[in-house]
Structure formats: C-alpha cells, structure tokens
Amino acid sequence: MIPYGKHHIDEDDIQAVVDVLRGDFLTQGPVVEVFEKAVAEYVGSKYAVAVSSGTAALHLAALAAGVGPGKSVVTSPITFVASANAPRYCGGDVLFADINSETVNMSPDALREVLLKNSNVKAIIPVHFAGLPCDMIAIKNLADEAGAIVIEDAAHALGATYPNGMRVGSCENSLMTIFSFHPVKAIAAGEGGMITTNDEATYRKLIRSRSHGINKLDDPIKVEAEAFQDGEQNPWYYEMQELGFHYRITDIQCGLALSQFKKLDSFISRRRQLVRNYDLAFIEMKNCRPAQTTGRDQSGHHLYVLRIDFKQIALTRGQVMKKLRECGVGSQVHYIPVPFHPYYRQLGFRPEDYPDAIKYYQEALSIPLFFDLTEKQQRKVISTIKDLLV
Ligand SMILES: *Cc1c(COP(=O)(O)O)cnc(C)c1O
C-alpha cells in the first residue's frame, strides 16, 4: 500500500535519538535550544520557540496576540481544524474568509469582506495550504488597516519561500509563524511545533507561556520581598506570573527533529521533482487537474491535491478512493471545510457561506507525495488514476 504521506527515517536519525537517550537530559536540556537556533537561522527570524505540537504553537501564538473573549480571529475554511480551534482555546471567536480557487489559500478579497463586516478582529491566521505561501503582502496590508495581528500557519510550509526569496518563517509580514513536526509534515519530531518571531516581547511571552507562565530569561521579579534576602535572590525562588501551560517539547524529540532538519532541503527538492512529474502527467487530462499550479518553485509541497470532476467520470469520490485502495494507492481529502464540522455548525456557521471552499472540497483528492516515493511507485499511481478517470 502506497500511503498519501509518510516520514523518512534513516540511521542518522536513530543515532541522534540514541545520543540524547545516552546523555544527561531527556527534556529541558541543550538540544531544544540548538534546534530552535537552527530553525531561526534557516528561516531568517530572530527568535524561535519549540513546543510540544503545532497546535500548542497556534494556541500560544493566539494568546500572545491577545486573542480572548470578545475578540475574533479570521482563518481559512480549508485547513486542519487546529487553525480554527486555537482562538477558541483562548475564548475568542472564529471567522472564515473563503479561499481563492486557484491557490486554495485564503482570498484577500474575501478577507477584506470579512474585515468590513466585523470589528474586533484581533488576529488573522492565513494557512499556507499544501506549502504554497499565501499573498502575505495583501494580507498584511488588510491586517494593518483593521489593526489585526498576523499569525502564519506554516504547518505545511517549512522550507517554502515567498516570491521575494525570503523563507516562510522570517515573519516579514507577520508577528509570528507556526510550524508542525508531525510525521506527515516536512520534518518529523514524533510530535512537535515551533513559533518564530522577530519581536522580543512576544518571544519572552511565548517562552513563559509554554512553561506554566513561570518567569524565564531575565524577566523582572514581581514580589521582591519574597525573592530577595540581604540583597541576594533566594536560590529556590521563581514566580508564576501569569496563567501558562505545559507545552514543552523534549530533547528526545528535538534530537530527531534536528537530524531530520539537516535533510530538509533534500526532502523538499525530492518533493518538487515528484510534483513536476505529477503536473506533467495530469496537466492535459479532461476531468482532473492539479489543485494548485502557481508558485511551484516556492511551495514546500506538503501535499499533492488533484481536483477531479466526479460527476463527469460518473464515480463518487468514495468509489474512486476505494478503487485506488484496491490497487494499492492511498489517498485522502484535505480538508473537510472547518465550518462543516458539527462543533462549528453548532456555533452557527453555514457551509454555504463559503462557496469556493465547498466547490474545492467536492473535487479534492490528495494522492501520494513523500520523500521515499519511488519513480516506479509514482508511475503506478499515475497510471492507476488515469485508468480510473477516463
Ligand atoms: C498539522 C497541522 C496543524 C497542527 O499541527 P500538530 O503538530 O499536528 O498539532 C495545524 N495547522 C495545519 C494547517 C496543519 O496541517
């Protein structure tokens, strides 16, 4: 069975984890910071904060942006549920701006409409879908007009670049960018996430809030009478200064992630080659086309999504997935639009308010794309799909 996505682990990765296990720290040791520094340097941000998952990164980023009761956050309807859930964790409201059909990213025009109709938008979370960077300049301009903070959900886009050549994560047009190191993403930590930023106050807040809200770095002490005796700080003393969480990542996970990170560029270039092969194979088909065709040299290529006209081929998507499966080809749908989920329906969202997301959803099918997919396997995927769709 060829899955739609899969991690790649080699002996160096295994050795990296063993090295951590043989060392002094399983967690809160030196490898976390080494990994943070490596990612910050690579993406071109001043700071990076590693956390236990991409979802934890979104939650802390939303908190650091000041999302809370009475404040709203705009995100894309075509994303993993975590992008929308993070503002809900903070007691904030979620709004969705429909996608652009050609990029599958949040449409700046739809975002403008949402911002016109809603005051109190505290943050915007654009999602670089399948690794294709959003139009960050348009989004940042609209955010500035609305007085909103931008948090990029780059869970799909580690290694991707903007049109000007800067890397996703550099936060040129956002306050924060988040990444995920779940095994289906660009690099694997088992579970893990990261927030990058160029803003020192935000960085300090993130460092505190991933560890219970306890003072970190050189945060000023609040209750000096408790902290000091005879002008010296009491050696046991620390302060929980705000309500934080336990979202730390372990050194074991960072050992793996750091080893994976060294292979990121080769991971991306392999994915890019596979995408080129798929594009060539599908570009001339009648009832099926690549969901994204622009920014092929900029994307992180997390997913390869086809848009299939199921009515024309007289097969349902379920039937196609089943037939592919019988031929040993895995597939998946990314994503069920977030407002379709019962939790969001119950909050009053109506799927029909996002027509481009619906149209996309009706046609979308993700097919296998991962580092270890061989040319032979890829040819099999292509011929199986072509046989099915004619
Ligand atoms: C995977 C993913 C997340 C969440 O990351 P986890 O590490 O699984 O918590 C958030 N947003 C998007 C778009 C994702 O694909």
Side-chain angles (χ1 to χ4, degrees), residues 4-7 35 39 48-63 65 67 73-90 94 96-97 99 103-106 123-134 136 139 150-160 168-169 174 176-196 206 210 245-250 253-254 256-257 260-261 271 291-292 299-305 332-339 341 344 357 360-361 364 366 369-370:
Y4 85 84
K6 191 179 187 310
H7 59 274
F35 179 46
V39 171
V49 178
V51 292
S52 52
S53 70
T55 304
L58 279 165
H59 183 188
L60 295 189
L63 272 182
V67 176
V73 174
V74 190
T75 190
S76 170
I78 299 296
T79 182
F80 184 54
V81 292
S83 321
N85 292 349
R88 299 293 299 150
Y89 297 157
C90 307
V94 181
F96 298 98
I99 60 163
T103 63
V104 198
N105 282 332
M106 174 192 281
I124 298 164
I125 306 183
V127 181
H128 304 306
F129 182 80
L132 177 66
C134 295
M136 288 312 300
I139 291 170
V150 180
I151 302 165
E152 295 171 69
D153 184 339
H156 299 180
L158 183 63
V168 170
S174 64
M176 289 169 270
T177 302
I178 75 95
F179 296 101
S180 163
F181 311 122
H182 182 277
V184 297
K185 309 291 165 69
I187 63 167
E191 298 283 358
M194 179 94 68
I195 308 146
T196 61
L206 293 168
R210 84 167 162 193
F245 297 84
H246 174 189
Y247 279 163
R248 292 190 305 263
I249 191 169
T250 64
Q253 291 163 308
C254 287
L256 174 56
Q260 289 262 300
F261 186 62
R271 282 171 177 271
Q292 298 172 319
S299 178
H301 297 300
H302 167 53
L303 299 169
Y304 194 91
V305 182
Q332 184 51 286
V333 177
H334 298 93
Y335 292 92
I336 301 165
V338 181
H341 287 287
Y344 284 97
Y360 162 82
Y361 172 55
S366 304
L369 181 66
F370 52 93

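One-based numbering, in listed order, for ligands and for the atoms of each.
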Visitor: Measuring from Cys254:SG to Phe261:CZ, what's the distance to the nearest 0.5 Å?
Guide: 12.0 Å
Visitor: Test side-chain contact (heavy atoms from CB on, under 4.5 Å) on Phe129 and Thr79; report intermediate values, then the result.
Guide: CA-CA 7 Å; Phe129 182 80; Thr79 182; over 6 Å; no
Visitor: Quick check, are the ring centers of Tyr89 and Phe245 under 6.0 angstrom apart?
Guide: no
Visitor: Is it true that a side-chain atom of Thr55 and a backbone atom of Ala82 form a donor plus acceptor pair closer than 3.5 Å?
Guide: no
Visitor: Has the side chain of Arg271 got a donor or acceptor atom that lies under 3.5 Å from a matching backbone atom of His302?
Guide: yes
Visitor: In this structure, which one of Val67, Thr75, Val73 forms a side chain to side chain contact (heavy atoms under 4.5 Å, CB included) with Val94?
Guide: Thr75
Visitor: Collect the protein residues that have a non-hydrogen atom under 4.0 Å from ligand 1 and hand them over in chain and number order.
Guide: Ser53, Gly54, Thr55, Leu58, Thr79, Phe80, Ala82, Ser83, Val127, Asp153, Ala155, His156, Ser180, Lys185, Gly192, Tyr335
